[in-house]
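Below you'll find the structure, written out as structure tokens, and then a few comments.
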Number of protein chains: 2
Amino acid sequence: MARAEEITKLVHQQGGRMTRQRRLVMEVLASLDTHPTAQELYELVRERVPTISPATVYRNLKLLHDLGCVLELDYGPGPTRYDATVTDHCHARCTRCGRVVDVPVVDVADAATAAAAMSDWLITGCRVELYGLCPKCRDANNRKTQPEGAR
Amino acid sequence: MARAEEITKLVHQQGGRMTRQRRLVMEVLASLDTHPTAQELYELVRERVPTISPATVYRNLKLLHDLGCVLELDYGPGPTRYDATVTDHCHARCTRCGRVVDVPVVDVADAATAAAAMSDWLITGCRVELYGLCPKCRDANNRKTQPEGAR
DNA sequence: ATAGATGCAAAAACTTTGCGAAGCC
DNA sequence: GGCTTCGCAAAGTTTTTGCATCTAT
């Protein structure tokens, strides 16, 4: 099954609808390997649907992220970047220009090796973040009660 | 040599001055293991220097970061969090409340092992970002010319 | 004495939200 | 037809900047 149909089905499962705008946000993102920001994506989609608003792009990116169809790369300064490739890989971000490129890795443990292999980049560091639920939140199964500090 | 003196020396080397505000931002951050946001740090420092402004806290955090004395944890949604521990370690961030805790690792390759060891957390994922200079920026040694997309 | 830092306030950068109109199923 | 999504505009959140004043060296 094509990726587009797959995502359409996922959207329908959630009671959502596949609008022209939503499809385009998805398609344009998938056609790029540049990990665009929401603003950049907005500019690109606007070439095809001139009336689209930034809010729609943000809303659709969030929805597609919630469905697990896009990655949010909110590392580093500046705006969040998006990635339609959700299979395991990590990223290299330029500390000067903000450019982000893919680094294929099979496993997190390969990250150090990957760094060594990026010979055309000057790798100066590597950051790792594990994520999940802390003990308090894991135990607090009531989703209504957000612990202090939540957003 | 004490950490405080070490940092003071670094600041002086850059032609900077160790003001009351700067020292406090540093000291308060170092006294916490909660990885506060700039706002939280501002509130805490304000207890000791009631006239300090948020701008000063931001400016000092940026300077200390440039000196390599604090880490910026700008993972995830919401404001950037700061960390005075710059020795190698990684972080676990709660996807519900935003809490960030330290996870000591000797090497990036240990990340997967660390995940397994965080038995009181419910780890659902792990992200890795390498950083450094991309080929274009590495070659462009003229710091005046920022490539497109830079910030 | 003087370059660098501060405090204030305004602005910038990025993202979310409210609401009435329009469109998908 | 009904509920979702859209476009617009306004507001929210986080961070940066301009400028006159102050201060560490």
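Below, chain A is the first sequence line, B the second, and so on; all start at residue 1. Heavy atoms only: backbone and side chains are in, while hydrogens, waters and symmetry mates are out.
The distance from the OG1 atom of A:Thr80 to the CG atom of A:Leu71 is 12.0 Å, given to the nearest 0.5 Å. Going from atom NZ of A:Lys9 over to atom CE of A:Met18 covers 12.5 Å, rounded to the nearest 0.5 Å. How far CG of B:Leu67 is from CE of B:Met26: 10.5 Å, rounded to the nearest 0.5 Å. Atom-to-atom distance recorded for A:Ile7:CD1 and A:Leu63:CG is 10.5 Å, nearest 0.5 angstrom.
The existence of a salt bridge linking A:Glu6 and A:Arg3 is confirmed by a sub-4.0 Å separation between a basic side-chain nitrogen and an acidic carboxylate oxygen.
Distances shorter than 4.0 Å separate some side-chain N or O of B:Lys62 from OP1 or OP2 on D:dT16. Distances shorter than 4.0 Å separate some side-chain N or O of A:Thr51 from OP1 or OP2 on D:dG7. OP1 or OP2 of C:dT6 has at least one side-chain nitrogen or oxygen of B:Thr19 nearer than 4.0 Å. Side-chain nitrogen and oxygen atoms of A:Arg22 include at least one within less than 4.0 Å of the OP1 or OP2 phosphate oxygen of D:dT5. Using a 4.0 Å cut-off, some side-chain N or O of A:Thr56 falls inside it from OP1 or OP2 of D:dG7. The shortest distance between the side-chain N/O atoms of A:Thr80 and the OP1/OP2 oxygens of C:dT15 is below 4.0 Å. Phosphate contact (OP1/OP2 of D:dT13, side-chain N/O of B:Gln39, threshold under 4.0 Å): absent. Put simply, B:Gln21 has a side-chain N or O that comes within less than 4.0 Å of OP1 or OP2 on C:dG7.
Cluster annotation: A:Leu61 and A:Leu44 are assigned to the same hydrophobic cluster (Ile/Leu/Val/Met/Phe/Trp/Tyr, side-chain heavy-atom contacts under 4.5 Å, transitive).
B:Glu72 places its CD atom 9 Å from the P atom of D:dT15, with the value rounded to the nearest Å. Taking atom CG of residue B:Leu61 and atom P of nucleotide C:dT6, one finds them 11 Å apart after rounding to whole Å. Counting to the nearest Å, the P atom of D:dT16 and the CG atom of B:Leu63 are 13 Å from each other. Rounded to whole angstrom, the span from the CZ atom of B:Arg23 across to the P atom of D:dT23 amounts to 15 Å. Whole-Å rounding puts the A:Tyr58 OH to D:dG7 P distance at 15 Å. Between A:Gln13 atom CD and C:dC24 atom C1' there is a gap of 17 Å when expressed in whole angstrom units. Following rounding to the nearest Å, A:Arg46 (CZ) and D:dC8 (C1') show an atom-to-atom distance of 14 Å. Nucleotide D:dT13 holds its P atom 16 Å from the OH atom of B:Tyr42, rounded to whole Å.
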Candidate pair B:Glu40 and B:Tyr82, rule side-chain contact (heavy atoms from CB on, under 4.5 Å), full reasoning: CA-CA 10 Å; B:Glu40 287 164 356; B:Tyr82 294 85; over 6 Å; no
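Side-chain proximity of A:Arg17 to the nucleotides C:dC14, C:dC24, D:dT25 is greatest for C:dC24. If you check D:dT14, D:dG7, D:dA24 against the side chain of A:Ser53, the one that comes closest is D:dG7.
A salt bridge (Lys or Arg N to Asp or Glu O under 4.0 Å) check over residues 41-51 of chain A, counting only residues at least two apart or in different chains, returns the pairs A:Glu43-A:Arg46.
For the helix from C:dA1-D:dT25 to C:dC25-D:dG1, the angle separating the two terminal helix axes comes to 40°, with each axis derived from five pairs and the value rounded to 10°.
Nearest-nucleotide positions on DNA chain C for B:Ile52 and B:Gln14 put B:Gln14 closer to the 5' end. Each of A:Val11 and B:Tyr82 has a nearest nucleotide on DNA chain D; the 5'-most of these lies closest to A:Val11. A residue-by-residue look at A:Pro50 and B:Met18 shows that A:Pro50 has its nearest nucleotide of DNA chain D further toward the 5' end.
Within 4.0 Å of B:Arg20, counting heavy atoms only, lies no atom of the nucleic acid at all. Among the protein residues, B:Arg59 comes within range of the nucleic acid bases, having at least one heavy atom under 4.0 Å from a base atom.
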